[in-house]
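Keep in mind it's a predicted model, so treat the numbers as computed, not measured. Throughout, a chain's letter reflects where its sequence line sits, starting with A, and its residues are numbered from 1.
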Amino acid sequence: MTFLDWISAPVNWVFAILGVVVLFSGFRVVTSRNIVHAALYLVGALAGTAALFLMLSAEFVAWVLVLVYIGAVIVLFLFGIMITRAPTGLDEGLSSDQKALPALLASGVFVMMSWASIDAFGGQLIGSSGEPVPTEVIGDSLFGRFVIPFEVVSFVLLAALIGGITLARRDLSPAEEEERSAV
Amino acid sequence: MLLSQFLVLGAALFAFGIYGLLVRRNIVLILLSVELMLNAVNINLIAFESVLVSPEAIGHIFAIFVITVAAAEVGIGLAIVLMIFRNRKSANVDDLNLMRW
Amino acid sequence: MMSRLLFAAEEIHAGDGGWWADTAGVMLVLPFVAFLLILAFGKKLKYKGGEIAVAALAINLVWATVLLLMNANSGVLDQITFEIGHIGSGLVFELGWVVDGLSILMFFLVNFVGLVVFVYALGYMKDDVRVDWFFAAFSLFAGAMLVLVGAPNLIQLIIGWEGVGLASYLLIGFYWEDLDNVRAGNKAFLTNKVADVGLILGAILVGVSIGSWDFGAIDFAAFEGAPELAAVATVGGLLLFFGAMGKSAQFPFHIWLPDAMAGPTPVSALMHAATMVTAGIYLMARMFPLFEYMAQNVRIVMIVIGTVTLFGVGLLAIVADDIKRVLAYSTVSQLGYMMTAIAAGGYTAGMFHLFTHASFKALLFLGAGSVIHAVHSNNMSDMGGLRKFMPTTFWTWVVGALALSGIGLSGFWSKDEILATMGEQGLTVVLWISIAGAFVTAFYMARATFLTFFGTYEGDGKPHESPRIMTVPLVILAVPAAIAGVLNIPGLSLPRLGNFTEWLAVRLVPMGDHHAEAINFGLAAIGLVAAVLGVVIGWLIYYPDKETQLQRDSFEIPVLFPLLRKKYYIDDLALGIVALIKGPLARLVDWTSTYVIDGFVNGVARLVKGLGVFVYDTLDQRGVDGVFNGLSAAADGAGSVVRKWQSGRVQQYAASFVAGVLILVALFVFVI
Amino acid sequence: MEWFETWGLTLTVFLPLVGVVLLGLIPKENESALKTTGLVASIMTFAASLILIARFDFSSNTYNTYQFEVSETWIGAINANYHVGIDGISLPMLVLSTFVMVLAVIYSWNHWDEPKNPKAFLILMMILATGMNGTFVALDLVLFFLFFEIVLLPMYFMIGIWGDKTPRKIPGFAKEFETRLYAAIKFFLFTLFGSAFLLLGFLALYFESGKSQFGRTFDIPQLTELGASGAFSGTFAFLVFGAIFLGFAVKVPMFPFHTWLPDAHTAAPTVGSVLLAAILLKLGSYGFIRISLPILPEEAVSWAPFIAILAVIGIIYGSLACLAQSDMKRLIAFSSVGHMGFIMLGISTMTDIGINAAIIGMVAHGLITGLLFFIAGSMHHRYHTREMARLGGNIKLMPVMGGILAFTAMASLGLPGLAGFWGEFMSLVASFNPLPGLSLGVFRSAMVIGAIGTILTAGYMLWMLQKVNLGEPGDEWEGKEFHDVDRFELAAWVPLIVLIVVIGFFPKFIFSSTTDVVTSLVDMAFNSETTAAISSQIGG
Amino acid sequence: MGDKDLLVFQIDYLALAPELIVVTTMIIVLALDLILPRPKKYWTATVAVAGTALALVPLAFLVLEDEVRSMFDGSYVVDEFALVLKGLFLVAAYIVFLMSHSYIESERYYQGEYYFLLLASLLGSLVMASSRDLIVLFIGIELVTGPLYMLSGWRKGDVKSNEASMKYFLLGILSTAILLYGMSFLYGLTGEITFAGLAEATAGMADEPALIMAVLLMIVGFAFKISAVPFHFWAPDTYEGAPTPITAYLSVNSKAAGFVAMLLVMYLALPGVAEVWAPALWLLAALSMTIANLTALRQTNIVRLLAYSSVAQAGFMLVPFAAAGVAGADLQEAFAATVIYLVIYAVMNLGAFAVVIAATRSGRSGELSAWSGLARVDPKLGVLVAVFFFSLAGIPPLAGWFAKFAMFRSVMIAGGAATVALAVIAAINAVIALYYYAKVVKSVWLDDPVAEFADDERPAGSLRLALGITVVLTVMIGFFPALATFAGEAARVIASG
């Protein structure tokens, strides 16, 4: 498959656009000097990803991503950012000054991963049936064969919830506590 | 569509995540970077699934679990950030070097 | 073994000794019983246990005498052994006793001389310290010697041998409050120990090669020319002789004997007469068949050493001031005679000289003891003119001195026999040296006699004759010293006693002995003349009554006398070697242990610890910093070399994490 | 008593552990109950071992047949069994061990080194007893290893807690250490270093045996059978022997692995030194006889000259080092290096004479050096110093103690007629005619040098007597009261003295147990006619 | 999938009983925590302890039954191996609960939440032991570690504890991401997530670079959990900062969970590519042992020392993995060796931490110098210190010796130059390790006491129980290693399947 073949398929145009969006957003997430912007760029990256998922017939997952992340996680992040009172303006101190080594390592990782991908799946095409995987299948799977991880993951969430609350809440001083128990 | 185009995209996102993890000083930003990495994994999973087309949609299931877990991790992470912030009035990792020696 | 024994007994028409021989082991045991009894009860007894020691030897003497007489009559040949252990089927350890001409003679000698000396000691030691211990050790001494001479095999001989060494160590160092005496004891023990290596190795060679340590077996093997024994005979013989040199104080091992005078005088008497120094000669006599039939070439070495000893060490007696030292050197010299004699094939001659020497040397020592007892000094310069104060002592001394000098009395006969043997063997040079030795002997005995008993007394106090309990033994000993010579006059066989040569010939195998069949009057005359000459010259030099003892003893031969006073530097050499081993060498070894081996060990420990410090401080704690600082500095360009990588440690950890991944993968991709 | 046939050994090994439990239950303050318990436990153990002797069948005493044998599954997964049994070689060692333990308990009755604490000390002693007894009866490599190592901990604590507290400069380190601390860790690390190799060797044997009809096995009798049939050979066996050698050589200890010994002995409390010298060192040499030789006979032969050379170096080296010592206990400790050299020389000859020599040498060294350490301890107890330069005239101050010291020193220098003689003498005899095929040059040189070593031995022993026992007591002791030997000391020492004399005059006491089995061991391992029939290769 | 009915998957409640009991206990704990007034909150601890003990009961039934119960297309299996490991997790957690009791009570902690989170982590490890596909395994791991991120920071007011938590968390999610990336590739390459399917699909794929990368990435993910060098950096800091019972839990349960994951993935899912993972683990083993041991020599804080010790011990546990890479090696033996080591390590390490808690109860710090002469003051505790630390050092007759023995055995059984070299490295490290373990014992027994602490107060009953259980097991296993080999034997069954 030549580049020409590739570029002539319209679906790849879509991919290219989405890819640029995702990559740009991703890049900004780690480079942005504004902490809120960084969080918002993450939204962009995730939205792009969700769109990519749609292209790959993963309808359900795409919407989950949108709902869970954009709907919940990012909000959580923003709350976190607010509470820790990070400056919302530009902040030189958000990143360390020494960027060369992290960049080196990151590009190393990128080279490794993309090389392995191309080596293994170089010419493999994705059959573009376009038919989204039915949610029913996912439902059957989740509540059938994967019911145990499904149940277990709920405990992950529960534990995160309870633990998170315990850690994040302000401890009462002994005096306050007495006061409260008296009530 | 090539499978590898998605994989390379995922690799790039993952690399961004690593870069962010190493270079960011604010813990919340580090968490964001980690989300990028997990997202890269999801891209991989979905891409693979579209090739493999397993009857149980394993790749999708896996991705859903990853998303869930990632959400939980964010919760945990932010709780820890808050706790630290409460004690130190800072959310920078630089300051975490009590046990340096 | 038994069959051989019977066979041999048949050959020489010897009896088996009956009950007396079967029970002869009593002699070996009684002194040890006495030893234990004295240790246990000695303190409470009148003579502090001396009576027990005397009683034990007295009972022993009964056996010894009976056996001696039986042997003289008809020959006694018997051996009783008990196994004390065996390895596999071949290696057997036995204890027991052998009863034959040689051992009976030694039994008699040890018990007789021992008894006399013990009795003497009752008086001599009366007021001394630790008398009970003295008698205990004394019994041990005698007992060990009896074990030695009664040994039917080399193993028991070694046991007795070392036992004698131990007892001598204990007795020489008897006055251990003074460390000089202790050192003398150590010297004796160690010198002997050096020689014992020879004995032990020799015993191993001989015993292992024929598969038995039994003397009878060895004798037979030698007699029959067993090839396996022949193969080791020379080396084995040399080693055994080496062992004998130590106990019998042959040059250069003579150094311990003069120092051994540090013990009480009765000890010296016993040591020089019957026990200890005779052991080496006895060993040679015991192993005579080996040297006679196989290891002839060793005999050359023996002769050389013996000759050097008899003359060279004899000379040392001339310059000694300590009366006991004079006697000690004389003993060494006489031992040289015996050794040379045996080496020359004079089994009987050597043993006969041992026999006569035992009586007169014991006599002389006891006499010297008597003098010392009176004068409270060992030095002849403190004596003089004692003739008048101590007549009994004097006269018995004269008997002893004459016997030693080979003038008329027992010593004459035995020495003559030695000279005759040498003559017969054609050892001309040795013969003349021996004659010269006889001259020297007579000369220094004259010197000692004149310096001690003639002239005027110079010491402190007024000397007096010793008590009866001491003089009676002197008299008793004077008798054999005077007349024992008749026992072995060639061609003379006494009624009921026979002849010394016949006594000794009662062995399992023929000895192949070389002894004179008749008196060699020519040699006897020359020897006698040499001895008389010695006395005369001694008289000329030492008799003239000068004012002081020192002046009397001022005779000097340049070069020679100073050399003699330095004892040929041999003592110094030995001391030097010991000092070298004990000092630098030992310290070097100790040093290597603590500094080289341990140093290595500690070094490794420190290295590991240091590595730990390095890994923790540098790699683990700073290295991550360092490496990443370095890397990022390099990556950021020269300007920022000194700048620290600012982010926190978590990210360093994470970076190492990622780096680890990359390195791992890279390893696989590029290396494996 | 039928049950004794099967459980007698187990009883002997684990009775002390019962003692441990009982001791643990008695409160620390109740000293007399503690001591009585310890004594009773050790005496019962000793009694059990005596019953073993009584019921031991000396007539069928051949190698690789064991009596009182028990084999129960222990670690099924690796085919390691609780397999115990004794033969004529282990019997004397086992009895020696139980016997010395009784004496040690008696002695410690009124000799407690600081910081006292009889309870802990007795417990450690009892654990030690289990380890030592167990090593002598184990017939499974894993079991052997376990017991072999059990002794490590109690000894570490004995040295470390009750040991010598004087500070000492350690070469290579800037600061001073307390002797006990240095010695304890050194002992520990050295032994462990050796054990690691030992374990590797055992494992290698285990896997190699997988090719045989027995399958993978740790069983000593089975491995012995394999060894005799030549199952282990080549480079593999060479390395395995080397590994096992290292393990045992450290324990023995052979030059140059000996440096832990002087420190450990010197620093240990009296009873610790006694047990260390009397029994612990024997574990190594016993291991050579029980494991190295029969299982790897071919390699034993090829290693023999090397072992002989090291042994001889040890003899000379140890003796010379003794001469340089100023500390009495250290001197005695170094003397062990020399004496164990003789034992190893005997073993290295691979003949029945040599191995018998080693066994009797082990017993004798156990008795004699044990006694020497007892005396040294008692003297330290009274003088509070071990500096020989300060001692002197001991026999005047304490005639009985001095006498016993002199006696023991004489026994130690190998005086014929006392126990020490046989081991040394027979080692030399054996090295005159080692196993056919071994280099006569090496072994006969070893014989001569070993014999010369006896001179040095005599030298340092006499020298020690001179410094410690004889002469006038130093001024500093004037007017001080010295109690001569007390009854506990006598009770502990007299049996040793008696045995030293008895074995000295009647070595059959030991040989009757060992000779047949050793002969058949040599026959079996080296496939040769009994080498005591020595005639073959004289002059060859 | 559409055709398949839900009922295809029968749920075996007996097989799930231990997990269900733990879940129930969690809920009860939560509920109690809501109802009970603060002074009575210790009831939550009692319930947690009781629940854990109770969970062992069905486990016992299952063990006796000796039958493999497989669910959900073989993605969740209860077999001997799973049971042994579940038993280990439950017992270890039980002991940690016992240790926590007095520790948590003595300061102002959130007891209910504490036990809830620990139980959640326990649940995760139980699930992991039965997991036979990547998803269950992944979720299990997350459930094990998630609560622990928070528990390490449980001493909220203590900045050290905060820091411990943060470091653990950040590196933890990094490792999760890397692990997931590896998993995604594994899935992509094979289309399988069950271990059995993976084993079939990966056989002969050892030359595929993408697979190599996937395997290595997963190894890195697990290596973080077991804190192998160079992925161990979090361990000392986190161990020091976290509450001590949590440290114990981290060093035992969490590490064991990591090993379970590694065992399952390597031996069950990827046996065909042992030539890839064995050398990698060889390297990790060698590095872990050497670096950690050398580093531990320098430590003056007991907990930090134990942290490095646990890193080194992980290295020892990895040794059999490396041995498995030798051609023709007996994978079962290697597998069994690691399991045996794990079991023994769990017992003695828990004991060591229990001792730390007991020793520090009266204000003694974790600094080694504060421990001088501890035995003089409290001989019983001194004995325990000696037992556990010498056991860790591998001195017979304490349990640790058999762990090392099994480890060496697995190496020798494999043969091969590289593994023998590793054995030599391990042997040298064993001696080095002895030095610092002995250093602790030396301080406690041989040095003079430094300061007075109120040691006359006896440790709490629950702590004494924890000490008792661990010490008895340590000594018993030392004498009867069969107690531990039984675990290895069970594991052998699974490895052959």
Which atom of A:Tyr69 lies closest to which atom of B:Ala70, heavy atoms considered: OH-CB, 2.9 Å

Are any side-chain N or O atoms of A:Arg145 and backbone N or O atoms of B:Glu56, one a donor and one an acceptor, separated by less than 3.5 Å? no

Heavy-atom pairs under 4.5 Å with chain B are the metric here; pick the option from A:Ala62, A:Pro149, A:Ala39, A:Gly163 that has the most. A:Pro149

May I ask you to test the B:Asn42-A:Phe53 pair for a side-chain heavy-atom distance under 4.5 Å? yes

Using non-hydrogen atoms and a 4.5 Å limit, figure out which bit of A:Phe150 sits close to chain B: side chain, backbone, both or neither. both

If every non-hydrogen atom of B:Asn39 is compared with every non-hydrogen atom of A:Ala45, which pair is closest and at what distance? ND2-O, 4.2 Å

Residue from A:Ala168, A:Ala120, A:Ala38, A:Ala160 scoring the most non-hydrogen pairs under 4.5 Å with chain B is A:Ala168

For A:Phe77, is it the side chain, the backbone, both, or neither that has a heavy atom closer than 4.5 Å to a heavy atom of chain B? both

What pair of heavy atoms forms the shortest contact from B:Ala57 to A:Val137, and how long is it? CB-CG1, 4.1 Å

Closest-packed option against chain A by number of heavy-atom pairs under 4.5 Å, given B:Gly77, B:Ala15, B:Gly20: B:Ala15

Applying a strict 4.5 Å limit to non-hydrogen atoms, the region of A:Ser32 in contact with chain B is both

Chain A contact via B:Leu78 - which portion, at a heavy-atom distance below 4.5 Å: side chain

Reported OG1-to-CD1 distance for the pair A:Thr49 and B:Ile46, which is rounded to 0.5 angstrom: 10.5 Å

Shortest non-hydrogen contact from A:Met113 to B:Ala11? CB-CB, 3.6 Å

Given A:Val156, A:Leu161, A:Leu76, A:Val68, the one with more heavy-atom pairs under 4.5 angstrom with chain B than any other is A:Leu76

Do B:Gln5 and A:Phe15 make a side-chain contact, defined as non-hydrogen atoms from C-beta onward lying under 4.5 Å apart? yes

Closest heavy-atom pair, A:Leu167 versus B:Met83, reported as atoms and distance to 0.1 Å, is CD2-SD, 3.6 Å

In short, A:Leu157 meets B:Thr68 closest at the heavy-atom pair CD1-CG2, 3.4 Å

Looking at A:Phe121 versus B:Phe48, is the centre-to-centre ring distance below 6.0 Å? yes

Residue selection (most heavy-atom pairs with chain A, distance under 4.5 Å) from B:Ala12, B:Ala40, B:Gly10, B:Gly75: B:Ala12

If we define contacts as heavy-atom pairs under 4.5 Å, which of B:Leu32, B:Leu7, B:Val8 has the most with chain A? B:Leu32

Would you say that A:Val30 contacts B:Leu36 through its side chain, given a criterion of any heavy-atom pair below 4.5 Å between the two side chains? yes

Value for CG (B:Leu13) from OG (A:Ser25), rounded to nearest 0.5 Å, stands at 9.0 Å

Measuring only between side-chain heavy atoms, which start at C-beta, is B:Leu3 closer than 4.5 Å to A:Leu125? no

Within the structure provided, determine whether B:Ile61 and A:Val61 are in side-chain contact (heavy-atom separation under 4.5 Å). no

When rounded to the nearest 0.5 Å, the distance separating CG of B:Asn26 from CD1 of A:Ile81 is 7.5 Å

Is A:Ala9 in contact with chain B via its backbone, its side chain, both, or neither, using a 4.5 Å heavy-atom distance? neither

Is the A:Phe110 to B:Phe16 ring centre distance short of 6.0 Å? no

Flag the one option from A:Leu42, A:Ile165, A:Leu158 with the top tally of heavy-atom pairs under 4.5 Å to chain B. A:Leu42

What part of B:Leu31 is in contact with chain A, defined as an atom under 4.5 angstrom from a non-hydrogen atom: side chain, backbone, both or neither? both

Are B:Leu2 and A:Gln124 side-chain neighbours, meaning at least one heavy-atom pair lies under 4.5 Å? no

Side chain, backbone, both or neither of B:Phe14 within contact of chain A (heavy atoms, under 4.5 Å): side chain

Contact winner vs chain B - A:Val109, A:Val111, A:Thr31, A:Ile118, heavy-atom pairs under 4.5 Å: A:Thr31

Between atom OG of A:Ser107 and atom OH of B:Tyr19, what is the distance when rounded to the nearest 0.5 Å? 10.0 Å

Out of curiosity, B:Glu35 CD to A:Ile74 CD1, how far, rounded to the nearest 0.5 Å? 7.5 Å

Distance check, rounded to the nearest 0.5 Å: B:Phe65 atom CZ versus A:Leu142 atom CG? 5.5 Å

Could you check which of A:Leu52, A:Thr166, A:Ile138 has the highest count of heavy-atom pairs closer than 4.5 Å to chain B? A:Ile138

Identify which of B:Ala63, B:Ser33, B:Gly17, B:Ala79 forms the greatest number of heavy-atom pairs closer than 4.5 Å to chain A. B:Ala79

If we only count heavy atoms from C-beta on, is the A:Leu56 to B:Glu49 side-chain gap below 4.5 Å? no

